[in-house]
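We count residues from 1, following the sequence as given.
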Amino acid sequence: MRKSLLYPRLALTNLKKNKRLYLPYLLACMGTVMMFCVLVTLNNDPALDDNASVRSILSLGIIVVGIFSAIILFYTNSVLTKQRKREFGLYNMLGMEKRHIGFVLLYESLYTTLLALAGGLVASVVFSKLLQLILLKLLGGIATFTLRIDPAAIGLTAVLFAIIFFVIYLNTVRIIRFAKPVDLLHGSSEGEREPKSKWVLAIAGTVCMATGYILSVMTNSAISAIGLFFVAVLFVIAGTYLLFTAFSIVLLKALRRNKNYYYKTKHFATVSGMLYRMKRNAAGLASICILSTMVLVTVSTTVCLYLGVSDTVNQMHPTDISVSYIGDVTADKRAELAKLAYEPAENLGRTVTDAHEYWKLEFAVQRQGNELALVDAETNQDILASTASMVWITDAASYENLTGETTTVLPGQVLAWSDGAAVGDTVEMLGTTYSVKQLDSFPVSGGYQSLNIKTVYLVVDSEATLLNIEQQEQQVYFNSGSSVDYTITYNIDGTSEEKIACGDAVYENLHQQDGGFSFSDREESYQNAMEMYGALFFIGMFLGFLFLLATVLIIYYKQVSEGYDDREKFAIMQKVGMTPKEVKATIHSQVLIVFFLPLVTAAIHIAFAFPMIKWILRALGMMNVSLFVSCTVGSLLIFAVIYTAVYLLTSRAYYSIVSDSDN
């Protein structure tokens with residue numbers, strides 16, 4: 001009976017004795033359990049049955065949180081195991097077999113699992129309603145939630161984290177099982193020999209980092225940004241780890257060879273200390289840097305998308321209602337379309353303003369000097385290539401309707417404006433050369449700015465000329481090209497609900513007709529965008545917090561492990577003549593430099609990633625670059641404040657260990 005109680009008692013004693021190591025680990029476990037359970041609970045809420053986009057985003061968030069939770073807990077536990085190797089080695093040397101150590105670890109793992117699940121699940125119930133209300137606010141009040149305890153979410157969370165903790169236990173037992181007692185005794189101080197310069201790795205790291213940066217800086221379209229983003233990320237991650245591992249050692253050794261610099265009290269101790277510190281903690285510093293970058297990217301982009309919803313929707317939908325018809329639009333058909341478009345607004349008592357009716361024709365071209373050459377369909381040339389442009393053509397009557405200005409366009413002449421390179425005195429298209437009368441602006445937008453595709457806007461003399469261009473264009477594309485459409489746009493007064501009701505009525509009118517109609521409702525699009533970007537912002541904050549939690553844990557355990565490693569050196573440095581003040585200043589200097597190196601590197605990563613992320617946001621309709629700059633800078637400043645606070649707090653643990661004040 002007493003023997004059966006030995007292992008659980010010893011396990012409990014170990015947890016209490018190592019509370020400095022285990023308490024942050026337990027809090028991290030509880031935090032990840034809570035986050036995962038809350039996300040599953042929200043995803044399972046019946047109120048989201050009509051919010052497919054929100055549910056899909058939450059589902060993706062569940063997967064990401066689950067994966068990163070496992071990674072964070074594995075990493076943290078590996079640090080714990082390393083710090084306790086000496087303890088396990090002593091147990092082994094004193095006669096305790098490794099299988100007995102395994103039993104102790106089993107009970108420690110069991111206690112940890114029960115505490116983490118109990119604390120995390122209780123916290124998820126306590127905070128679930130608050131987080132539901134936050135999500136409701138972000139969605140613009142579309143979804144409604146009621147406080148509920150989801151047994152399925154609790155069950156899934158318990159099973160997943162029980163598996164994670166069990167696998168962590170097996171991995172710890174494996175480490176102890178295959179380690180020699182002597183290795184265990186010295187395990188917490190592995191890697192004390194002077195590191196060698198690794199020029200090959202340093203060069204490889206520089207090449208990887210430069211490649212990732214160049215891919216980002218040279219990106220000039222949303223299509224290329226989306227295609228190359230993860231490639232650039234992989235290069236930067238590889239470069240970060242290689243440079244922190246190799247280049248830092250090369251640089252520090254170069255400083256040591258500089259006798260005028262190295263043989264000074266503050267430089268001697270700092271450089272030598274950092275030289276060994278870099279070898280032991282290069283991977284940890286690189287991980288802090290990568291996680292810091294992930295926090296900044298995740299938070300800045302999701303905040304920008306959410307705050308810029310109005311700009312995005314207005315860019316994509318300049319008016320409240322837009323109705324188009326593609327086909328043979330006779331005068332009678334136009335009258336019918338106008339009735340279908342305007343009648344619902346009149347019936348609902350809405351006031352119509354800024355109404356416009358116009359013809360338009362759009363198709364892809366290649367600008368070759370003054371020639372607008374159609375993209376050759378036979379060669380499968382990509383119309384979204386950076387060299388492609390769009391041409392947007394309307395007739396003089398439509399242009400007058402759009403601008404309210406009387407204008408004259410002669411046969412063989414076009415009014416022209418471009419959001420790219422200026423159009424010359426003449427323009428050639430489909431074998432016809434037109435003289436050009438330049439415009440200073442154009443009243444509508446083709447909407448291709450987000451893809452970095454420039455548009456040439458042309459106004460021809462008549463509807464007949466426009467239809468003739470359509471026929472020629474379709475012949476080149478073998479009757480599969482673009483067609484002329486007739487468009488009606490207008491704004492209406494009223495509340496958001498009243499505008500949506502009007503848009504629904506217009507849609508129902510059009511839906512009852514034969515095909516060929518296209519329809520857009522700005523208010524409905526705004527609600528959909530709020531739903532999507534609100535969910536993205538919510539998940540972004542979740543992931544940002546998770547990455548921040550991982551960063552804090554790595555920083556904390558880095559400080560603690562270095563504290564134990566430096567405690568002996570601290571005493572030796574005082575014995576050889578350095579005053580306590582000089583020793584503290586030296587340690588503070590090297591810790592400060594190493595600690596803030598990942599933050600500075602993360603800021604550099606963000607600066608170089610900015611062009612590529614900007615194009616990805618443009619693909620999502622976010623054209624407000626100044627807003628993205630503000631969100632990025634704001635996120636960096638806030639994160640720097642949090643990062644500094646974490647440094648100050650964890651430094652206390654470091655100094656208390658080094659000075660042996662708690663022992």
Given side chains that start at C-beta, do those of [X] and [Y] come closer than 4.5 Å, heavy atoms only?
{"X": "Leu215", "Y": "Val231", "value": "yes"}
{"X": "Asp504", "Y": "Glu508", "value": "no"}
{"X": "Val65", "Y": "Thr32", "value": "no"}
{"X": "Cys29", "Y": "Phe165", "value": "yes"}
{"X": "Val323", "Y": "Leu340", "value": "no"}
{"X": "Phe161", "Y": "Thr113", "value": "no"}
{"X": "Val236", "Y": "Cys208", "value": "no"}
{"X": "Leu599", "Y": "Phe639", "value": "yes"}

Strictly distance-based, threshold 3.5 Å: is any side-chain N or O of [X] a donor or acceptor partner for the main-chain N or O of [Y]?
{"X": "Arg522", "Y": "Pro318", "value": "yes"}
{"X": "Arg350", "Y": "Asp493", "value": "yes"}
{"X": "Thr240", "Y": "Ala286", "value": "no"}
{"X": "Gln527", "Y": "Glu524", "value": "no"}
{"X": "Ser216", "Y": "Gly212", "value": "no"}

Heavy-atom pair of closest approach, residues [X] and [Y]:
{"X": "Val313", "Y": "Ser525", "answer": "CG2-O, 4.2 Å"}
{"X": "Val309", "Y": "Ala529", "answer": "CG1-CB, 4.0 Å"}
{"X": "Val303", "Y": "Cys631", "answer": "CG1-SG, 3.8 Å"}
{"X": "Met30", "Y": "Leu115", "answer": "CE-O, 3.4 Å"}
{"X": "Asn77", "Y": "Tyr25", "answer": "ND2-OH, 3.8 Å"}
{"X": "Ser496", "Y": "Glu523", "answer": "OG-OE2, 2.8 Å"}

Got a sec: does the [atom1] of [X] have more than 12 other heavy atoms crowding it under 6.0 Å?
{"X": "Phe519", "atom1": "CZ", "value": "yes"}
{"X": "Phe166", "atom1": "CZ", "value": "no"}
{"X": "Met532", "atom1": "CE", "value": "no"}
{"X": "Phe235", "atom1": "CZ", "value": "no"}
{"X": "Met541", "atom1": "CE", "value": "yes"}
{"X": "Tyr111", "atom1": "OH", "value": "yes"}

Checking Ile62 against Phe36 for the side-chain contact (heavy atoms from CB on, under 4.5 Å) test, could you report, in this order, the C-alpha distance in whole Å, the side-chain angles of both residues, the deciding distance, and whether it holds? CA-CA 6 Å; Ile62 289 170; Phe36 185 84; 3.5 Å; yes
Could you measure the distance from the [atom1] atom of [X] to the [atom2] atom of [Y]? Nearest 0.5 Å is fine.
{"X": "Thr172", "Y": "Leu106", "atom1": "OG1", "atom2": "CG", "value": "11.5 Å"}
{"X": "Cys502", "Y": "Asp521", "atom1": "SG", "atom2": "CG", "value": "8.0 Å"}
{"X": "Gln315", "Y": "Asn624", "atom1": "CD", "atom2": "CG", "value": "10.0 Å"}
{"X": "His317", "Y": "Ser520", "atom1": "NE2", "atom2": "OG", "value": "5.5 Å"}
{"X": "Tyr169", "Y": "Leu105", "atom1": "OH", "atom2": "CG", "value": "6.5 Å"}
{"X": "Lys17", "Y": "Leu12", "atom1": "NZ", "atom2": "CG", "value": "12.5 Å"}

Regarding [X] and [Y], do their side chains bring together a donor and an acceptor under 3.5 Å, going by distance alone?
{"X": "Thr312", "Y": "Asn314", "result": "no"}
{"X": "Asp485", "Y": "Ser518", "result": "no"}
{"X": "Ser287", "Y": "Tyr241", "result": "yes"}
{"X": "Tyr213", "Y": "His605", "result": "yes"}

So, Phe610 versus Phe628, ring centres under 6.0 angstrom or not?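 Centroid distance Phe610-Phe628: below 6.0 Å, so yes.
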Ring centroid separation for Phe103 and Tyr107, is it under 6.0 angstrom?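 Ring-ring flag for Phe103/Tyr107: false, centres at least 6.0 Å apart.
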Using the side-chain hydrogen bond (donor to acceptor under 3.5 Å, both in side chains) definition, which of the options Asn43, Thr41, Asn44 pairs with Asp150?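 Between Asp150 and the candidates, side-chain hydrogen bond (donor to acceptor under 3.5 Å, both in side chains) is satisfied uniquely by Asn44.
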Show the atom names and distances, to 0.1 Å, of all donor-acceptor pairs under 3.5 Å that link a side chain in residues 288-301 to residues at least two apart or in another chain.
from	atom 1	to	atom 2	distance (Å)
Ser292	OG	Ile288	O	2.7
Thr293	OG1	Cys289	O	2.8
Thr298	OG1	Met294	O	2.7
Ser300	OG	Leu296	O	2.6
Ser300	OG	Val297	O	3.3
Thr301	OG1	Val297	O	2.6
Thr301	OG1	Thr298	O	3.2

Run Ile168 and Ser109 through side-chain contact (heavy atoms from CB on, under 4.5 Å) and show every step you take. CA-CA 9 Å; Ile168 289 174; Ser109 180; over 6 Å; no
List the steps and the verdict of side-chain contact (heavy atoms from CB on, under 4.5 Å) for Leu546 and Ser69. CA-CA 8 Å; Leu546 182 63; Ser69 295; 4.3 Å; yes
Verdict with reasoning, Tyr490 to Ile492, per side-chain contact (heavy atoms from CB on, under 4.5 Å): CA-CA 7 Å; Tyr490 61 86; Ile492 51 177; 3.4 Å; yes
Extract all donor-acceptor atom pairs below 3.5 Å that involve side chains of residues 151-159 and protein atoms in other chains or at least two apart in sequence.
from	atom 1	to	atom 2	distance (Å)
Thr157	OG1	Ala153	O	2.7

Check against ring-ring contact (aromatic ring centres under 6.0 Å, His included), Phe537 and Tyr533: CA-CA 6 Å; Phe537 178 62; Tyr533 294 153; over 10 Å; no
